[in-house]
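See structure below.
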Amino acid sequence: RGKRAFIAGVADDNGYGWAIAKALAAAGAEILVGTWVPALNIFENSLRRGKFDESRTLPDGSLMEISKVYPLDAVYDTLEEVPEDVKTNKRYAGSSNWTVKEVAESVKNDFGTIDILVHSLANGPEVTKPLLETSRKGYLTAISASSYSYVSLLKHFLPIMNPGGASISLTYIASERTIPGYGGGMSSAKAALESDTRVLAFEAGRAGKIRVNTISAGPLGSRAAKAIGFIEKMINYSYTNGPMQKELAADEVGATAAFLVSPLASAVTGSVVYVDNGLNTMAWHP
Ligand code: NAD
């Protein structure tokens, strides 16, 4: 039987989630995605109208099939805790069952089990603000959307993950080295995500023989990254100063993701794996 993957955080064909979906599809996995509720309509319409057909093309010439797109807002765990103004918001009212618990239940009802869980989402409303100017609310929202969202997804999907399965998330080196401009508590959120990767690897390993790793990816001009404001500079800096002097393709992160969730990585868990053309290893840039 082929493996089944749920990838949270796909809303267009530019980001890491999409590239990971493609790499897993190319390796024979069935693909389910979770798409942020406010982005759902545009994503589904674009898919239906064939806007992604070129970028859906796999190495063998076939098109990646997405078995089902689930609306998801990973900031909410259960329907009970969704505030009234969100429930009645125009963009949310048209969809249902999009809290983490409900999505896991829907996937269970539709497909029974999964083998692979991917977290490729982040949100920090004050990302452009320095940490010293970040509000408590902005900081906690960054942590909720970018870090606890992973704890919650793994908690709710673990019971339907087949033993031997694996999970990954995406992180950024601003967690461990200062990157001025990656603000709003996003650096804090990535530090939490990396620490949680180690603890969750232990807990999910013991509870369900599930491996948990995170990929520390180099800069990519995704939709989320453009919101930070200086992504082109980061990409140029990485190109100029890294050991490889080459651009980072999203597909290279996809390939590492496919490796990490495959039996080839059966002894790798709790790790932060760098896919950044080696930039993290440099301390001085000649
Ligand atoms: P992206 O825009 O493709 O992905 C982010 C996704 O998160 C979007 O689809 C967005 O709709 C979704 N999202 C936001 N809030 C959500 C919520 N509450 N519930 C559900 N979904 C929500 O951008 P990306 O850069 O590919 O980001 C994917 C991951 O990669 C993120 O964790 C990001 O921090 C990480 N990352 C990105 C870079 C980079 O330079 N682009 C570098 C390192 C790590």
Side-chain angles (χ1 to χ4, degrees), residues 6-22 33-44 46 52 55 69-77 82 86 91-92 95 98-100 102-103 118-125 127 141-150 152-153 168-176 179 181-182 184-194 196-197 214-238 247-254 256-257 272-277 279-280:
F6 182 85
I7 301 157
V10 180
D12 60 38
D13 60 349
N14 293 318
Y16 283 133
W18 177 269
I20 291 168
K22 275 180 72 177
V33 306
T35 301
W36 196 28
V37 187
L40 182 74
N41 277 341
I42 296 179
F43 180 62
E44 286 198 306
S46 305
F52 300 139
S55 57
V69 178
Y70 292 87
L72 168 70
D73 193 322
V75 157
Y76 303 107
D77 304 311
V82 179
V86 176
R91 295 198 290 181
Y92 283 78
S95 302
W98 41 258
T99 66
V100 176
E102 292 170 297
V103 173
V118 178
H119 175 281
S120 182
L121 63 98
N123 202 359
V127 65
T141 302
I143 298 270
S144 171
S146 314
S147 316
Y148 189 78
S149 58
Y150 186 53
S152 179
L153 274 164
I168 54 163
S169 65
L170 275 299
T171 187
Y172 185 51
I173 196 169
S175 59
E176 44 177 322
I179 308 239
Y182 194 78
M186 278 307 300
S187 57
S188 331
K190 291 306 191 189
L193 183 66
E194 290 173 23
D196 294 347
T197 297
T214 188
I215 292 176
S216 185
L220 173 78
S222 66
R223 189 188 173 106
K226 282 178 181 142
I228 305 169
F230 62 112
I231 186 69
E232 293 307 327
K233 266 193 190 167
M234 293 160 97
I235 291 170
N236 289 338
Y237 181 91
S238 176
E247 225 173 276
L248 177 67
D251 288 347
E252 295 177 293
V253 169
T256 303
V272 179
V273 177
Y274 295 92
V275 185
D276 65 347
N277 282 321
L279 187 69
N280 75 91

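Every heavy atom of this structure was used, including side-chain atoms; hydrogens, water molecules and symmetry mates were not. The chain is numbered in sequence order, starting from 1. Ligands are counted one by one from 1 in listed order, and the atoms in each one are counted from 1 as well.
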Give the atom numbers and elements of ligand 1 that come within less than 4.0 Å of a heavy atom of [X].
X    : result
D73  : 17 (C), 18 (N), 19 (N)
A74  : 17 (C), 18 (N), 19 (N), 20 (C)
N123 : 15 (N)
T171 : 43 (C), 44 (C)

Contact with ligand 1 for [X], non-hydrogen, under 4.0 angstrom:
X    : result
I231 : yes
M234 : no
G218 : yes
V75  : yes

| E102 side chain to T99 side chain, donor-acceptor N/O pair below 3.5 angstrom |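 The criterion, which ignores hydrogens and geometry beyond distance, is satisfied for T99 and E102.
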| query | Is there a donor in the side chain of D77 and an acceptor in the side chain of S152, or the other way round, less than 3.5 Å apart? | reply |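 Yes.
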| Atom CD of E44: over 12 foreign heavy atoms under 6.0 Å | yes
| task | Check each heavy atom of M186 against ligand 1 and say whether those closer than 4.0 Å belong to the side chain, the backbone, both or neither. | result |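 Contact part for M186 vs ligand 1: neither.
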| message | Checking contacts here: is it the side chain or the backbone of A145 that comes within 4.0 Å of ligand 1, counting heavy atoms only? Could be both or neither. | response | neither
| message | Consider side-chain contact (heavy atoms from CB on, under 4.5 Å). Of I168, V273, V275, which one does V253 pass it with? | response | V275
| message | Are W98 and Y92 an aromatic pair, judged by ring center distance below 6.0 Å? | response | yes
| query | Below 3.5 angstrom, do we get any N/O pair linking A217 and ligand 1? | reply | no
